[in-house]
Structure formats: structure tokens, C-alpha cells
Amino acid sequence: MAAAPPALSWALPLLAALAGAGGPQSFELPGAPIDNIEVSSGGVLVAGGSCLYELRPELRLRHRVVPAAAGQVCGEPPGMRSNLLLPYVEAGGKGVLLAGWTQKDGTCEVWEQPAYRQRFNRSEVVSCLPDGSTAGVVFQLAGAWYLAVAATYSTGSYGNYLGCEPSQSDKATVITVRSMNNLESKEELGIIKRKDEPLHFVDALQWGDHLFFPYYTLKARAGNSTEPPSMAVLRQLRPSEGGLTLQGHVYLDCGCRTLIVSSSLVRQGERGWWVGVFLYKQDAKAWNATAVCIFGMEEMKEQACASKHFVMNGNSCAEQPQFSQPIFIREKLPTLIHSGLVAVYGTVVLNQIVLFLGTDDGQLLKAILNEDMESNCPEILYEIKEETSVFPKLRLDPVDNNYIYLSSANKVRRIPVANCSRYISEQECLSVKDPYCGWCSLTQRYFFIITPAEIFYENVILKNSSCFCNLTTLVIADKGMFYYIHSIEPLWISTLGKSEITVKGENFTRASGIKLILTGITGCKPDIIKVRNVLNDTQMTFALPPTRKEAKSICIQANGKKCSPPMTLHYVSPPSCLAITPNTSWISGGRKITTIGRNFNVVDSVIISDDQRSNLTVSLNLLYNTKYRPLDGLGFVLKKENDNLNISKTEVEVYLSYMNGAQTKKIWFSVQNITKKPDRSTILCKFKREGTDKIDFSTVKVFDLSVLQCLYSESFSDSFLAAFIVTRYKSKELTRKQSQQLELLEYEIRKEIREGFAELQMDELDVVDSFGTVPFLDYKHFALRTFFPESGGFASIFSEDMPQSRDQTSKDESFNMLHALICNKNFLVTLIHTLEKQKNFSVKDRCLFASFLTIALQTKLVYLTHILEVLTKDLMEQSSNVQPKLLLRRTESVVEKLLTNWMSVCLSGFLRETIGEPFYLLVTTLNQRINKGPVDAITCKALYTLNEDWLLWQVSEFKTTVNIIFEKIPENESGDACQTIQVNVLDCDTIGQAKEKSLQAFLNKNGFLYGLQLDEIGLELVSEEQQRELLDIDGSSEVMEDGIRKLNTIGHYEISNGATIKVFKKKVTTRSDMDYSDEHCHLILPDSEANKDVKGAGHKGKQKFKVKEMYLTKLLSTKVAIHSVVEKLFRSIWSLPNNKAPVAIKYFFDFLDAQAESKKITDPDVVHIWKTNSLPLRFWVNILKNPQFVFDIKKTSHIDGCLSVIAQAFMDAFSLAEQTLGKEAPTNKLLYAKDIPHYKEEVKAYYKAIRDLPPLTTSEVEEFLTQESKKHENEFNENVALNEIYRYIAKYHEEIDSKLERERGFEDVQKQLRQVKALFDEKKKCKWI
């Protein structure tokens, strides 16, 4: 690579630093693949290359152990591998590790940790076969430790291995139980033998007093069987009772897949599930080759009775006639289908099952399951660059569960389990429902399931232990006409998509509504693609979009009928070149090169860049006499300057050209040898004898070269021949055009950095001193938006005005009795706890119930507060056993949402009187700052922003067009004369943006809104020559490549400073000027980097080369401009005016202090976190990110992104964790990094000041709550809320009634509940509700 010019050398390190670098923590085994991996209490154990490595959690080497079964060093003997690693902790905290190796007939060594002193070793414990299976589990029984190990000791007819044959009596042994004192196999402990068919064991699991071994037959692995895999179940008995007893096995049906490749046990209290990755035995990689299926541990334990694979020992249900055959667990629909899963690890995080999945092309996926075991669209957590297959074992970091270990080839990596920083909005974070990203959950989570496209199969039959799957090729039948699909070409494309694929078949011209349905991994939304072109009756084409790396199912749908049987389409990574041999060539071309890489089968064409082409000089010099001489034995030497071509002798052709009459003839020479010397290389050539040719040297042209000389000597004394061919590369240097581009880039970087610096030092934002009356929402709408942030339908039913007379509703006995019932504290608490124990009572239901309850008790805040206290105490009892710092962090219970609502009710007055004005000033200032510079009308990205994701960096130079005069039409009602307003408009603003700014300017000047909406007004340029209407799109609009039209701007119409523009009322209201599709562009042109994801990269650049990081100073300048407004808002929240705290805050903080004291919690951090979770996280952040909850305004996505940055800084101020930020940290963290320490001190002082205030008396709190209750009388129709509460009571009436039946003292309440139900049932018959 050519060196950078000195003038630009200073900029390259800057750009490299801005780009950032780094990767996950990793450990690489020296020269050997990973055989096994396991975690212990203090780190990671990795085996490979005949050695064991103990690593610290961050993957730094702690110990390297060479087992006794190996040689003196790692790597000896070759072929030795580890097939068992089982760490456990004995009494007294002593760590023990059992390690199994294939060497010496399957040796197990038992070591004491941490010194790795060997206790003993024993052979013939694990399998010694190179591909034999071993699975084991260590368990404790009656104070003693035992090992249960399942292994493939013999493969029968599937292959024999010299030096690894068990004794005749042990060939059928598959499962044994051994004491950890000596690892001897004894009948009294348990020995299980197989029947005829050899087995392959995948895992060993302990669940209660049972052991589980998932396995499949070697016959299935060979592809000779369709028998499903199985789960062997064994009962643990005391040694005196016969040791281990086989209960039986159950078949694990996962859609005809016959192999298991990975296994994981998921535990949640007393419940447990086994998760397996199942595989079809087939050579081709199909879209549905692998699947994840989940089976309940209790279900398998109960149904395991008989076995066709094992010799049964002891009494079992197999002796009963009805259990003479193994049982199928009822067919499981796969939780997840994928083309190449090879690893799974499952865990439970905050009551949600999370699966981590590895693929055969190096991806780590994360899937989150709902209550019905349905997966979301899995997230790609990490991709291995080399695309090597993931090792079947995934393990969580035992010290910090926020990391998972990913192994592949000879490398293990430590990967974060979540990437929460990628969520830029609350809505996005909530919709993903990632339990690891708790900081995003503020009120309630909206769960969204994407149902995959339906795929149709035919002739799928399940018979006992065999599956028969048959897919036909018939596609669609419509009124007797059949349409066939024969083939799709190509079936391998890159993740960038494909502009054209061809589908071949029959009768395509007779079909209508043809679509292609592209379905990937389960949970992700399928792509539905319309046909691009029906070429003829047998061929049609489609354009495929870019997507994630995987094999997908592809089917064709026409005439609204069902889809064709699916075919497999492979999306692979774009082709990558790993090596080129040779890697240099002559400029004239023609040299054969070999390229090594991946995914060349998706290459459309090969392009060789020749921007830095060098010249090639070939010279020939001949010295001769004029006599004829035979050429026998003729030879000569070519001398050439050294280069880096590394030419081989097979690549050089040498011939001598001469004239024979009118013909040109050639004499060929063979290259004998090429010798490279320090200064030059020599090529020895010999004549190829092809007859008795003689040369008339007088006909040979002489090319005089003064560059080099060459000599030839022969045995002839009177003649000689010399020839010289020189190939030389000039040194590479930058062309004039490239030099100019680099100079331009240097100028742009210098200019932007200097302007950014000047802007930071001199720019000031003219904050609007008076913005008129703050447009507060009334209390009802404020409460409804905080109670139901995601449920607009519920908010609307409460928004209706109350009837003038409430006599009719007050006489409704059913509502009166229900209201009296929920005013019974014992009943209400029992009701809530009972509902929360119901499986189908989802998080959304809990939040809705809490909001209905808040409305129903709006006028009884004293009672509601008592309920809040009781439920919070109960929640503390639940949380104290796990982690007290997690209390109130999320919104997963009724009480957590109830607390959010209670804070909203009690702080509504404080919010309006103290916080409202600085908050509205912040929103207004942010809008003003954003609109100060260019804003792209399509994407809403802006040059001035707080959020990097909303940064507009593709903008050219712009200037402010000031003093443009807009004439205003008379107001509709007052009829005032026209008035002129000065408006600051940029020459890059669209006409729609100019209209928005003009309406805003009118509001700022007059203090009230203009009489017309944005889409009701038009702009007209007034000049002496003509009057011209200004439009975003008209006949003069510029049309880009691919037909994309560029929106007109002020600059497009060449409007200068001081021009007159008239505002007029349109006769016909059209769509909003800002409502444009992807067929339009504004400042981000189709060829820019930010738009390549949508538009493609087919456009050639028309803009100056720009680097996004050059504009990061705009984030800082925006932060500086609004800093005083942000601090004013923050301090209005965490200050105490007149040394008084709002009653609700003081009361609840004191309540938390009292609970901590009663529970003897001495850690001050716990109480600090409780307070932070209950007030800033639960209430203030929700307000800061949603100004539309407080004001009658519309929040744009861009404002939401900026407020998210401010809200994050706000929450960081309350965090106790010390921030350690590096250069690669997100910009939203770096922006306020220097301010956070100061804010933290202010927050601590705020908490201390509240704690030091005199405690409130009970009467003071009740007086405040009573006054708040009176303020909100007649705000809501409480009966609507009661009706919604009853719906939940009716849905779970049996469970509630049963709970009341079991509890003492609820007899009267139970009668009242039944009376309420009878009254509501009667009303339902009359259709009153």
C-alpha cells in the first residue's frame, strides 16, 4: 500500500481512533481444537491437544495441566481427546475435578483443585473410541459421591478400532454407576446393558432422584433408520436397594429428526425442561434441517416405562401389558426451526426462558420464549469472522451471568448476553422484551409475536417409532388448471440479496397474484415478494432482499391459494478472499492465479481494481553475425531486474521471431531454470528441437536497448546469439486524481474540525424567553396516558365525559357490591395474589388490572395507599430470597404498576407547578436547536442533535436565508390586516419545512396558533415578473437514478435573502408535505452510506467524501447549547423548594427506610437502589421521555431519541456504579460523562435531605391523600373500571373461589363474591354489559 502524503498523515490516526476497534475477550489453544469445555465455581475449564487449561472468568490463563494419560507436553500422544469434564465441590468447600480421556482404554483422572493434585486414575471408564460418545453426571447420595456415566464402548458392526476393544462381557455395557472413591463398576451400584443396537449418548442430567440420558442409535446416524431419538430415565436407589435402576425410555419426536446434536437442562424452581437441538440425517443443508424442541422433565419421568434398547433390570411398569412398547411423548411442534443449529444453552431470566444457540457457520443467536414456548425473532449476538462451527457446549460465566462462553475451532470467546445499547427508543426496547435489558423497562412491556408464514406439507405420517416424510412437487390447483414449479436458480445467494432469480415451471402466464414467500428461522417475519416479471409460460423472475445469514424456505403462492412445498434457499456471507497465489501479475494480464476463500458460488463477476496501474516495459536486444548456423544446442540467458512477481518457469514463454520470405516464423525455447540474485534474476533458456531450421539473421530486427545488457556464449567461435527480455514494474505512485481527492479530504477534515471548535466556543442558542402559555393536558388525560401508555382503546373509554346525573349508576347494585368487595383489604390482597399465580395472567394483564384498580379507587387514595404498602411488603418477601437490589426495578407485578400510577396521581400537582415549565422549555429548546441546521425531510435526521443515530452527516454546505417576508392572509375570524413575519429559513429546507417554520414563527410572535393547519396552506413566491407556487414536488424536481425524485428546496427555486413569499389558503387540502415514500430523497442522497441499506449500492457517488465521525462535534455543540436548560430541569426535580419535599416522596422514602430497618438491611446501597427504582426509574424517566404525557404536543421520533440521551444521563446520576468509559463507549454515554459525577453528588445530597426532614405524621399523610381524592372526584366513570376488574374475576372465578375456600375467615367474602357473580351474570343475560 502506498504511503499517505505527509500533509494527510496527521489525519489518518484520528480517523482510525474515531472508527474504534476491539472485540470480545478470548483464549486460543496453541495448535489444537477444543475437545471439551465446562465451567466451575471460579472459572472455565477448556480441554484440547491432550491438555487441560483452567482459565479465569475473563479468559486469562490460570493453570495448564498435562494429564498422566498424555505425554510430557501438550499435543502428545496425537489423537488423544477429552470427553468428560465434571467439576464438583465436596464438604468443606474442597473442589474436585473428574476428567475423562480417550487414551489408555478410556481413562478417568480425579484431581483436587486448585493445585490439581491427582487422587487416582482408572481406565475403562469412558469411551476410548475417536468418535465414541461419553456423558456423565456426578451426584450425591446419602453423603457419598457417585458418577453415573453413559458411553459407547463398542460400535458393533459400525467399525472396530485396534487397541480399543472392551472385553466380551463389557461390549454391551452402556451405563454404569461408580463410587467416586475408586470409580469401580459394580453390579450393586448399577450396570445397564444395551440390546443389539449400539447407542450414541449426548448428555447426562440429574433431575430430583432421577437421571436422564438423551441418546440416539448409531443406525440412525448412519442414515439407515427413521427411529426418533430417545431419553433414557433411571431411578436413583440407595446402594443397599440395588443402586441405579432403569425405568425405561421415551421417544422424543421433533418432526422426524433422528439425531440430537446438543442438549441443555433449564430449571425454574420446581419446574424443569429439557431443550434439545435435533437434526435430520441428510447430506444437503436444508432450511429445516435442525430444530429446537422442548420437553418437560416431569412429563418424561412419568411416561418412561419400557425400553426396546436396554436390558431391563428390576421391576418396572414394563411388566404390565399396556406398557410393552416405549411411549412417545406427544408430538412437539418445534419451538424453533433453523438450517444449521449445533449448540443450545437455556436459562431462566426473570421468569422468561432464554435460549442461546450456536450455528454451524459461527453465529451466536439469542431467542426469548413466551409462556407458550414460542420464540421471538432470535437476535444475532455475535458472528465468528472465520465462520467456523460453534462447539456443541455453550456455558454461562459462573461469576457474571451477563456473559456466555462461545467455543469454536481452537478458540473460546466471552460474549455479552445482551446488547442493550442498540435500542434507541423505549418503544423498541419494550417490543423486544429482552429480560437482560431491564433498564429500558419503565412502565409496562408490550409483547408482540410475529407469526411465521404457514408452510404446507403433504403425506406426513407418524407410525410408532418411525417417521415418514414426503414432499410432493405439485404447487397450485385452480379450477382444474395446475401450476408446477420445477426449479429455482440460483439457490445460493449472499446476504446482500439478489436482483434477479429465475423460477422455472409450467402455466405461469395463467396464474395471477404470484408471490414468493421467504421464511427463515422461527419467530422472524417472512418476506413476501411480488413477482418481478413473468417472462413466459415457463419462467418468471423475482428480486430477493438482503437478510440474515441462514438457509431459508422458499415457496411460491398464486391466486391466493396455499404455498408450494418449500425448497431451500441459502443465504451466505458475501464472498471473502483469504489468499491469492500468486498475488502479483504483469499489467498486460494473462497470468493464471488461484484464489482461496469462502462462498465463491455466489459470485456474479470478478472485478480487479486498476486505479493505480503501473507501466510494464519489455525490451529485446539481439547481437548476431550474418552467417547461417544450425540451432542445435542453442541456449541463452535472460537477465532481468528483480520484482515481486515470483514468476515460475511454467509462466515464461520465450521465442525468436524471424522472417522467412513473406512469412513470420517463431523458434521456441524452453525455460530450464530461474535463478534469483541480490541485484537481478537470470532465466536459462534452451532451444526446442523441431526440425533443421536455420536463421537468416539479416532478417531479424534489432531493438537497441540502452537500459540493460545481456550476453550469450556458445561453443561456436564465429557466431553467437544474445537476447534479453526485461520486465520491470515502476514503483507505484498515486495518480494526480487520487492526490486531489486526498487533498480534498484533508481540507474537509481540517475545515469541519476548525468549524466545530469555533462553534463550541462561540455559538449560543437564543432560547425563547416567552413561549406563551404552557399547553398542559388536564388531569384526566395526563392520568390516562400514564396509566395506559400502550392501550389507547382503554384510554378512550375513560375519556368520555361523565353523565350529568349519576343516580342511575349509583343504583346499580352489582357495581356497588363489587366496589364494597374490593374495599375489603383482605379480599383485595388475596385476589391480586391469586391472579398473579395464574399462568395466563400476563404482564400486560397485571398492568391493566393495576390501572383499573387505581381508577376505581381514585377517590379513596388513603385505602389505595394501604393496599400499596401491603403489596410492597409482600413483594419484598419474594425478592429478599433472590436479590434485594432488584426490588421495583421492573414492572412485572400488579404492585409495581400500582406504584407507578400512585406516583402519577400524587405528584401530578408538583409536576404541573414546579417541573412543567422547565420541562416544556427543554422540549421547545430541543426543537429549536434541531431546526437551526439542516433536517432531512425523509429520515428526520438532523445536523444538530444529541443522538448519534439521528445525526445527519451527509449534508453539504448551507447558509441561512434570513429576512424572508411571508405575507399572511387575514385570520378567518378577526379579519385583521395582513401581517409580515421574519422567518429564518435555510436554503436546504424543503417547502414543507419552510411552511412549518413560518407557522412556528407566527406562534412565537403572536402567542396563538395560526388559523390553518400545515396541509391547508400553500406558499407562493411573489416577484415583479411572476407569482409562482412553491411545491415540494413539481415538474422541475430533480430525478435521480432509479427514478428517485429529490424534494424541492428554497435553494432549488433560487430564492434569495429578502424575497417575498405569500402564505395562502389552499382550495383543496392535499396530503401532508412531509408524507413521502422511499421513492423520494432530500439531503441524504441514494448513493450515501446511510441510505445503502434501503436503496442499495448501485449509485455512483455524487457527494463529497465524508466521514461520519467528523460531525460528532455537532452532538457536543447541541449538548452545550441546551446544557443550562437541562440542568435547570434536573435540579427542579432533585431539589427541595423551601426545604420541603412532596408529601408522596417523603412518605414513600420513609416507608422504604423503615422496611430496610425491619429486615435488618444495613447496606445503604440497597435502600438507595430501592428509592431510585421507585421514583426516578419508575416515574421521572417515564415523564422525561414522554412529554406528550404532560403537554398537548406531538412527540417526534427525533425528539424521542434526544430525550432518551437526556433520560439516560438522568438515570446515570442516580446509579451507584462507577462508570469506566473508553474511546469505544457509546456517544450518548460520553456526552455527559464529565457531568455525571457532579450530578451523583447532588442526588446523594437530595436523598440525605429528604431523610433528614422531620417524619410526616399519619394525619398529615391522610390529609394530603384526602385532598387529592377530592380534587379528582367525577373525573372518571368508576363503573367502567369496575366492569373491567370484574372481567378478570369472572375469567379466574374458580381459582379465586377455591382460594377463598381454603383460607380461614373468608366465608362471608366468598358469599359476597358469589352474589356479585350472580348479579353480573344476570346483567349479561340482559346484555347490559
Arg64 atom CZ: more than 12 heavy-atom contacts under 6.0 Å:
no
Which distance, rounded to the nearest 0.5 Å, do you find between the CG of Asp527 and the CD1 of Ile517?
10.5 Å
Judged by atom type as modelled, is there a donor-acceptor pair below 3.5 Å linking the side chain of Ser264 to the main-chain atoms of Gly346?
yes
Take Ser408 and Thr388 through the test side chain to side chain donor-acceptor pair (under 3.5 Å) and record every step on the way to the result.
CA-CA 6 Å; Ser408 178; Thr388 51; 2.5 Å; yes
Lys393/Asp203 ion pair, N-O < 4.0 Å
no
Take the angle between the ring planes of Tyr216 and His200 and call it parallel below 30°, perpendicular above 60°, tilted in between.
parallel
Distance col, row Leu85:CG vs Leu97:CG, nearest 0.5 angstrom, shows 6.0 Å
Could you go step by step and tell me if Asp131 and Arg81 meet the salt bridge (charged side-chain N to carboxylate O under 4.0 Å, His left out) rule?
CA-CA 10 Å; Asp131 59 346; Arg81 66 181 184 87; over 6 Å; no
Pair His63 and Tyr116, ring centroids less than 6.0 Å apart:
yes
Pro392 backbone acceptor or donor facing Ser262 side chain under 3.5 Å:
yes
d(His570 NE2, Ile554 CD1) to nearest 0.5 Å is 11.0 Å
Let me see the working for Thr495 and Arg548 under side-chain contact (heavy atoms from CB on, under 4.5 Å), right down to the final yes or no.
CA-CA 6 Å; Thr495 53; Arg548 65 199 295 168; over 6 Å; no
Cationic N near anionic O, under 4.0 Å, Glu227 to Lys219
no
Carboxylate-amine/guanidinium contact Lys549 Glu387, below 4.0 Å:
yes
Hey, could you give me the CG/OH distance between Leu394 and Tyr345, rounded to the nearest 0.5 Å?
9.5 Å
Does the side-chain contact (heavy atoms from CB on, under 4.5 Å) test come out yes or no for Val572 and Trp492, once each step is laid out?
CA-CA 7 Å; Val572 297; Trp492 291 79; 3.7 Å; yes
Between Thr152 and Ser133, does any side-chain donor sit less than 3.5 Å from a side-chain acceptor?
yes
Side-chain contact test, heavy atoms from C-beta onward, threshold under 4.5 Å: evaluate it for Val266 versus Thr347 and give yes or no.
no
Evaluate side-chain contact (heavy atoms from CB on, under 4.5 Å) for Leu45 paired with Tyr53, printing each intermediate quantity in order.
CA-CA 6 Å; Leu45 302 170; Tyr53 301 86; over 6 Å; no
Donor-acceptor check, side chain of Thr522 to backbone of Ile337, threshold 3.5 angstrom: yes or no?
yes
For Ile368, is there any backbone N or O sitting under 3.5 Å from a side-chain donor or acceptor partner on Asn376?
yes
Kindly say whether Asn401 contributes a backbone atom to a donor-acceptor pair with the side chain of Asp397 at under 3.5 angstrom?
no
Leu29 backbone acceptor or donor facing Asn410 side chain under 3.5 Å
yes
Test salt bridge (charged side-chain N to carboxylate O under 4.0 Å, His left out) on Glu383 and Arg413 and set out the steps.
CA-CA 11 Å; Glu383 293 188 80; Arg413 299 168 173 87; over 6 Å; no
Going through the checks in order, is the side-chain contact (heavy atoms from CB on, under 4.5 Å) test met by Leu369 and Gln352?
CA-CA 7 Å; Leu369 309 187; Gln352 284 186 277; over 6 Å; no
Is Glu379 salt-bridged to Lys433, cutoff N-O under 4.0 Å?
no
Working for salt bridge (charged side-chain N to carboxylate O under 4.0 Å, His left out), residues Lys498 and Glu500:
CA-CA 5 Å; Lys498 185 78 172 175; Glu500 183 174 280; over 6 Å; no
Check whether NZ of the Lys or CZ of the Arg Arg395 lies under 6.0 Å from the centre of the six-membered ring of Tyr405 and within 45 degrees of that ring's axis.
no
Kindly compute the distance separating CG (Leu355) from CG (Leu341), expressed to the nearest 0.5 Å.
10.0 Å
Atom OG1 in Thr290, atom CZ in Phe278: separation rounded to 0.5 Å?
11.5 Å
Determine, for Lys366 against Asp434, whether the closest basic-nitrogen to carboxylate-oxygen distance falls under 4.0 angstrom.
yes
Can a donor-acceptor pair be found, under 3.5 Å and without considering hydrogens, that links the side chain of Ser339 to the backbone of Ala551?
yes
